[in-house]
Structures are given as C-alpha cells and as structure tokens.
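Input: a single structure, listed below in structure tokens.
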Amino acid sequence: MSKRTLYSILAIVIVLGVYAYEHFLSEEEKSEIIEAGNTVKIDTNEYFLPSSTTGQIVHHEGYSLSYSEPHEQAEWVAYELKKSHLSNTNHKRPYFEIDKAVKTGAADWKNYKNSGYDRGHLCPAGDRKYSQNAHDETFLTSNISPQLHDFNSGIWNTLEQKVRYWASKYDGVFVVTGGVLKGNMKTIGDEEVSVPNQFFKVLIDNNTGKTKMIAFLMPHENSNKPLYEFVVSVDSIEVLTGIDFFPELDDAIEDKLEASNSYKNWSFN
DNA sequence: CTGCTCTAC
DNA sequence: GTAGAGCAG
C-alpha cells in the first residue's frame, strides 16, 4: 500500500469520525466527552441560565455567573445541585482568589478584610463538596458578596440547607442566587464592593416530571421567621433585578410558574 | 453548616 | 503568604 493511499484512508476515517461525533452522539454524551477531556467549561445548553444585565457571563466547572463590574460582585450565580453532588467529605478551606476569568477584574478579597462583613458564598462551598476542585472553585471572589455574619450563618444558612434537602428529595434542583444590586447601597473596601440590601434565591425543579419553581427574597438581616414567609413570585424578583430567569422555558409554562408565589409543591418539613 | 482571628514559620 | 488551632452563631 502506498503512502498516498494510506493518507487517503486516514483522511476519510477522520472525516467520518467527526461526522459521527456531530450527528450520532446525543448532546449529553458530547458534554460528557468534553468534561472528560477537561478542555472546555460546562455545556451550558443543559442549564437554565438567566439573562445577564451586565453582558459578562463567566463559566466555571461548577457554576456560572454574571458579573457586575460597578458593584464588584456577581448579579447572579447559577448551578445545578444534583443529588449525586451531595457529600459529607470535609475539604480543607482554601484562600479566596481573584477570579481571573472576569475580564473587567474581579474584586480583591481584601476589600472584605475588617469590613465587618463576611465573604458570603453565593454558590455555597457546601453544595460543591463532590470534589476538592469544585469545592475550591467556590472560593473565587466572583462568587462572594458582603453579608452580615448573623444573616449568613443564620437564616441564609438555613435556606441553603433547605436547598440541599430539596436536591436530595427531588433528585436535584437548579439554583440561581444573588444580591439585589439596586438602590442605595453601602460599599466596602477600596474597590467599593456594594453591600446588597436584599438577597434572592430562585429554584427550579425540572427532574420530577412536573416542573416547579420557588423563589425567596430576604432582607439583609437575620430572622427567626420560618423560611416560607420569604417566598415570593419569580416575577417580582425579575422586576426588582431586571434579570430574566429561565428564558429557555416554554413561554406558557414560564409565565405561569413565574407568576406564582405558591410553595405548596415544596416540602418545608 | 456558616464564617473570622490569632499564633507560628 | 501559608498552615493550623481555636472560637462563635
């Protein structure tokens, strides 16, 4: 066999391989291959990402975010919390790092030092315990917002634990979290990181057959009230923030679910 | 779980 | 800067 013939056969094999990859593998299989190769960030098509009002969406392996440069923090952080993500592994807590993936320059963690505010995770470290990398990735400064310690370790922590409970009970939920970056806000540090006056968390469960949503809006202060008293409609958070949640949903379903402030499909036990 | 601070090298 | 222990809600 001549070299020329060999090259021709090789070329045909490559073309056919690419064709097969493009046309015969499902989207899910593709994203698995990409993840296995560890070359690209997550396949965002399988996620319900909200719209960005800032034009800067950043993808990490364990979560995506929309960064607001004027407020030096994310306007939202979104990720899927699968049941399989839940873990009891204890990871060593790393240092916070500036997120280099934020092109406009993410805030330095030193803004928070002696500010009186916690570096509050938006995607909690407790939701990414399935690997050391995923856990450490939550310690990027694009994933934190100034929070009062009483609030962070109090009612907000209670809500985060309830989300993990739901992820287990409903075989995964998709989570969007952020501070409301509107109105008059205090700032901290040389870079003037805004201190949100309210925080929101929006959940969608698309795994248990019937799609359901729930949204929480909390004032930036601790509370002893039960969680369900903070439930609002997704629409009301969209009005407040300008963010469009779950635009990829079928419009009829989106409109109906986002208008509701009912929590009857979510167990608060 | 959510964090900060202090000591030591 | 890094590593660890200790403390608090």
Side-chain angles (χ1 to χ4, degrees), chain A residues 62-63 65 72-74 76-100 106-170 172-173 175-180 186-191 193-203 216-230 266-269:
Chain A
Y63 59 93
L65 64 99
E72 287 293 2
Q73 65 197 278
W76 53 253
V77 168
Y79 58 98
E80 187 176 16
L81 180 57
K82 297 182 183 179
K83 189 172 184 177
S84 60
H85 288 154
L86 300 172
S87 160
N88 290 323
T89 311
N90 274 324
H91 297 288
K92 199 179 92 175
R93 190 174 238 261
Y95 293 98
F96 284 94
E97 278 183 27
I98 297 172
D99 185 352
K100 289 172 186 161
D108 194 301
W109 61 268
K110 292 189 181 70
N111 289 291
Y112 291 72
K113 197 174 184 184
N114 297 320
S115 69
Y117 289 88
D118 276 9
R119 304 164 180 106
H121 282 79
L122 294 174
C123 174
D127 283 4
R128 307 281 84 160
K129 292 177 72 173
Y130 54 89
S131 79
Q132 186 74 50
N133 278 347
H135 171 264
D136 290 359
E137 199 181 49
T138 68
F139 286 78
L140 294 171
T141 55
S142 53
N143 184 43
I144 60 174
S145 178
Q147 291 184 328
L148 292 167
H149 186 71
D150 283 354
F151 171 77
N152 189 19
S153 66
I155 185 101
W156 190 249
N157 186 23
T158 305
L159 176 57
E160 289 176 339
Q161 291 181 41
K162 187 63 76 180
V163 171
R164 287 190 273 274
Y165 165 75
W166 284 325
S168 172
K169 187 179 179 70
Y170 304 134
V173 290
V175 189
V176 184
T177 302
V180 177
K186 205 174 148 179
T187 64
I188 59 170
D190 292 339
E191 291 180 287
V193 179
S194 299
V195 180
N197 296 309
Q198 295 161 293
F199 287 90
F200 66 84
K201 199 177 276 289
V202 180
L203 308 180
F216 296 85
L217 182 67
M218 290 186 168
H220 190 177
E221 61 187 16
N222 195 21
S223 170
N224 293 319
K225 291 180 189 171
L227 285 178
Y228 55 77
E229 292 203 13
F230 298 97
W266 297 80
S267 169
F268 279 85
N269 292 333

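Below, read A as the first sequence line, B as the second, and so on, with proteins coming before strands; counting in each chain starts at 1. These values consider heavy atoms only, across backbone and side chains, with no hydrogens, waters or symmetry-generated copies.
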Given atom [atom1] of [X] and atom [atom2] of [N], what is their separation to the nearest angstrom?
| X | N | atom1 | atom2 | answer |
| --- | --- | --- | --- | --- |
| Lys113(A) | dG3(B) | NZ | P | 18 Å |
| Lys201(A) | dT2(B) | NZ | P | 11 Å |
| Arg164(A) | dC1(B) | CZ | C1' | 6 Å |
| His91(A) | dT2(B) | NE2 | P | 11 Å |
| Asn143(A) | dT2(B) | CG | P | 11 Å |
| Glu97(A) | dG1(C) | CD | C1' | 12 Å |
| Phe96(A) | dG3(B) | CZ | C1' | 9 Å |
| Asn114(A) | dG3(B) | CG | P | 18 Å |

Is it true that the side chains of [X] and [Y] contain a donor and an acceptor less than 3.5 Å apart?
| X | Y | answer |
| --- | --- | --- |
| His149(A) | Asp118(A) | yes |
| Asn111(A) | Glu191(A) | yes |
| Lys186(A) | Tyr117(A) | yes |
| Lys201(A) | Thr177(A) | yes |
| Gln132(A) | Asp136(A) | yes |

Inset, instruction - Produce a footprint string for nucleotides 2-9 of chain C: one letter per nucleotide, 5' end first; B if the base is under 4.0 Å from any protein heavy atom, S if only the sugar-phosphate is, - if neither. - result: BBS----B
Inset, instruction - Sequence neighbours left out, what passes ring pair (Phe, Tyr, Trp, His ring centres under 6.0 Å) with Trp266(A)? Give chain and number order. - result: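 By the ring pair (Phe, Tyr, Trp, His ring centres under 6.0 Å) rule, Trp266(A) matches Trp166(A), Tyr170(A).
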Legend entry - Partner set under ring pair (Phe, Tyr, Trp, His ring centres under 6.0 Å) for His135(A), not counting sequence neighbours: His91(A), Phe139(A)
Inset, instruction - Could you say whether Arg119(A) or Thr89(A) is positioned toward the 5' end of DNA chain B, judged by the nucleotide with the nearest heavy atom to each? - result: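 The residue closer to the strand's 5' end, by nearest nucleotide, is Thr89(A).
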Inset, instruction - Could you tell me whether the phosphate oxygens of dT2(B), OP1 or OP2, come under 4.0 Å of any side-chain nitrogen or oxygen in His121(A)? - result: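 No.
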Looking at every strand, decide which applies to [X] at a 4.0 Å heavy-atom threshold: base, sugar-phosphate, or nothing.
| X | value |
| --- | --- |
| Gln147(A) | nothing |
| Arg93(A) | base |
| Lys129(A) | sugar-phosphate |

